[in-house]
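Heads up: the structure comes next, in structure tokens.
Residue numbering restarts at 1 for every chain, and letters A, B, ... go by the order of the sequence lines.
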Amino acid sequence: MFRKLCIANRGEVAVRIARAARQAGAQTMCVVSSADDGAPWTKEFDETVCIGGPAPGSSYLRAEAVVQAARQTGCSAVHPGWGFLAENARFAALCEQHGLTFVGPRPSLMERMGLKWPAKVAMREAGLDLTPGSEGLLETTDEAVEVAKATGYPVILKADAGGGGRGMRICHSDDEVRKEFPSAKAEAISAFGNGAMFLEKYVTGGRHIEFQIVGDGYGSAVHLFERECSIQRNHQKLIEESPSPALDDEARKALGERAAHAAATLGYSGAGTIEFLMHPEGEGETAGKLCFMEMNTRLQVEHPVTEMVTGIDIVREQLRVAAAGPLGFTQDGVSLEGHAIECRINAEDPSDNFKPSPGTTTAFDIPLDQGPGRVRVDTHMTEGSEVSPYYDSLVAKVIVHAANRAEAILTMQNTLKASRIDGIKTTIPLHLAVLASPEFQSGQYDTRTIPGWTQAGPA
Amino acid sequence: MSQVQQKLELRAVPSTDGQITLVAPEVGYFAAAHPRGALLAPGMGAGVLHQLGKSFELVVPKGVSGAVVSDPPSSAMAPVGFGAPLYSLDPSGVAGIADTAASGAGGEAGDGQFVFAGQSGRVWHSPAPGEPVFAAAGDVVEEGQALCLIEVMKTFSTMVYKAQDGLPKRGKIVRWFIEDGGDAESGKPLLEIEPC
């Protein structure tokens, strides 16, 4: 195991990683910005090094500063958490260049999965279904029109290096493709320096289901079942659960095996997530099928739901694999027990169009004893903690685990109703509305709407 | 060690006791620190910061001068974080050497520019003992005009005013930092000058 681990992140995930590092016997050094320097949660680390100013671009996003901090404190490995530098292949390569183990897959694999089309090819070769669309990249507008016609409208044009919606266009006719393809390509060139484009069938609705995989980097990989993440707002996940109410045991096992096989084929090392879209009714031959969307080469925010139902500490396994150790279990040793749900508590005001609500908490209490199931709270906050305007608004994740889905929902409702967070607005009212809705309780929901919630508030 | 590639300005943070703290503008190894008692002036080099094989010359920011009243790190390559204090400066330490200056010359303290010693040696203000000085505080000097003699190993050279590195074509001497017969150190300020 590593003697000392550099944590290149902040807040909740930094504290989560430190816990796994302590259990693995590694010391921790966390890089901090001048805004976070001295915050109560920074006491969770053996040491901290300030690497720059409050804005992420002056601190947490600066690869060189992070690596320098890791080097001068004698760290031998770097855990990037999620966000910031977690999917930056250049950062992973820089770590390796300076003798630091990057806790994650190889930089070349990260880069391949970061580009949409190569990722799709890799996954199709590994046996996963893809959303119908272009075979490879589209060179000309005529070609785009041709492929769009064959695929069937509506289609979505996507930039290979895309992100944040740039270079993306939804088209309903040949004319629209003709009109939008050149501008989408130009936008991709200006935003990413890469004008490679492809297209696929545009699917509305459906369910976001993802499989957690862990690979040892030597060609074997296992899956830790799925997470259902269809409760979203603006593509931000709000509630996740495992298992998915939309899969039966047979489908779960079959898809899990294919996901694990895909990861093994890639020679994947560490934890990763393969995201699928379960196509809705009305999509013809792909209705009900789970089609590959993308692979995240990092730890996910919602990893605790998987930890609760499998009893496996995913961060601990990341560290074990990064230290060139074998996985602590085999596929046969992984079983799914009960049901887990996670609610992301953000410092946002759901009654005011989810306006960010930074500030200082005057009360912060999330009880663990409301039952009937078990409760886990992942947070870096306590009473008197500050929610900084510089960073994202996640203040806590409440995770419950119970014998079945109904008891898990009840446990979450009991816990959130008994929670008290004052001084800032939180998304707890939204979670309570969703949990109480008939759609959520019956498991019949998709990515289009937030059940139990309208623009104006609780339905 | 890799060569210095870029200049990086130290950040100045005033402290309540009237001192100025110069803090690290970057994370890295801090080397070549000035010792206690050294005089720092705007534009002067004040050590080197190494970050991943790159070396940055640390430069004293504009408007900051004073005597170092802190000890250098015990390690030749001291790991420092962003914002770590590197020097405590006593601004009056400069005035102590030529206390005619700070208020007397009409310029705001620390607003002037500095002529640095090009080499280490003994400074003589006049051409020979008993003769008038080349240039005294309050005098106006121009490009090419003699400022002093510098004696290095029994060899004397005349140091002339050069309007380079942002120094004005014509300038009034605010104060001398090195008295007649005093020792100058290469790269350290010799005198303060203001445009006129």
Side-chain angles (χ1 to χ4, degrees), chain A residues 4 6-10 14 27-39 42 45-76 78 84-85 88 90-100 102 390, chain B residues 1-16 19-33 45-64 70-88:
Chain A
K4 199 191 276 184
C6 166
I7 301 172
N9 216 299
R10 66 175 300 281
Q27 293 174 39
T28 55
M29 184 283 288
C30 189
V31 299
V32 295
S33 73
S34 58
D36 283 335
D37 203 0
T42 61
F45 316 105
D46 294 304
E47 60 190 301
T48 58
V49 173
C50 185
I51 56 164
S58 323
S59 48
Y60 296 108
L61 286 171
R62 293 183 53 229
E64 276 79 7
V66 172
V67 172
Q68 172 64 35
R71 294 278 286 126
Q72 71 186 36
T73 49
C75 292
S76 51
V78 178
F84 296 132
L85 297 166
N88 184 322
R90 195 186 82 81
F91 174 63
L94 190 70
C95 288
E96 290 194 355
Q97 186 190 340
H98 289 275
L100 301 164
F102 179 79
Y390 296 107
Chain B
M1 188 47 67
S2 53
Q3 68 190 60
V4 172
Q5 292 162 349
Q6 213 180 318
K7 291 190 179 194
L8 200 58
E9 205 163 77
L10 288 159
R11 292 193 312 136
V13 182
S15 60
T16 46
Q19 295 188 345
I20 298 167
T21 307
L22 292 178
V23 305
E26 264 297 344
V27 59
Y29 292 108
F30 175 47
V48 176
L49 193 106
H50 300 283
Q51 188 188 79
L52 295 193
K54 277 190 189 166
S55 303
F56 299 93
E57 183 183 14
L58 296 172
V59 175
V60 180
K62 195 165 180 282
V64 172
S70 54
D71 288 315
S74 54
S75 154
M77 292 276 270
V80 295
F82 171 87
L86 302 184
Y87 296 103
S88 287

How about the chain B/chain A donor-acceptor pairs under 3.5 Å, what are they, with distances?
| unit_1 | atom_1 | unit_2 | atom_2 | d |
| --- | --- | --- | --- | --- |
| Glu26(B) | OE1 | Arg62(A) | NH2 | 3.2 |
| Glu26(B) | OE2 | Arg62(A) | NH1 | 3.3 |
| Glu26(B) | OE2 | Arg62(A) | NH2 | 2.3 |
| Gly28(B) | N | Gln72(A) | OE1 | 3.3 |
| Leu52(B) | N | Gln68(A) | OE1 | 2.8 |
| Val80(B) | O | Gln72(A) | NE2 | 2.9 |
| Phe82(B) | N | Cys50(A) | O | 2.7 |

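Side-chain contact check for Pro61(B) versus Leu22(B): some heavy-atom pair is nearer than 4.5 Å. At a threshold of 4.5 Å between non-hydrogen side-chain atoms, the residues Leu10(B) and Pro25(B) count as touching.
From Phe45(A), atom CZ reaches atom SG of Cys30(A) across 4.0 Å, with rounding to the nearest 0.5 Å.
Contact count versus chain B (heavy atoms, under 4.5 Å) is highest, among Ile51(A), Val49(A), Val32(A), Leu94(A), for Ile51(A).
Residue Ala24(B) comes nearest to Val80(B) through the heavy atom pair CB-CG2, 4.1 Å, listed as atom of the first residue, atom of the second, then distance. Closest of all the heavy-atom pairs between Ala31(B) and Met77(B) is CB-SD, 3.8 Å.
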Taking it one step at a time, do Phe84(A) and Phe91(A) satisfy side-chain contact (heavy atoms from CB on, under 4.5 Å)? CA-CA 10 Å; Phe84(A) 296 132; Phe91(A) 174 63; over 6 Å; no
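Listed by chain and residue number, nothing satisfies the ring-ring contact (aromatic ring centres under 6.0 Å, His included) test with Phe82(B) (two or more places apart in sequence, or in another chain).
For Val67(A), the parts sitting under 4.5 Å from any heavy atom of chain B are the backbone and the side chain alike.
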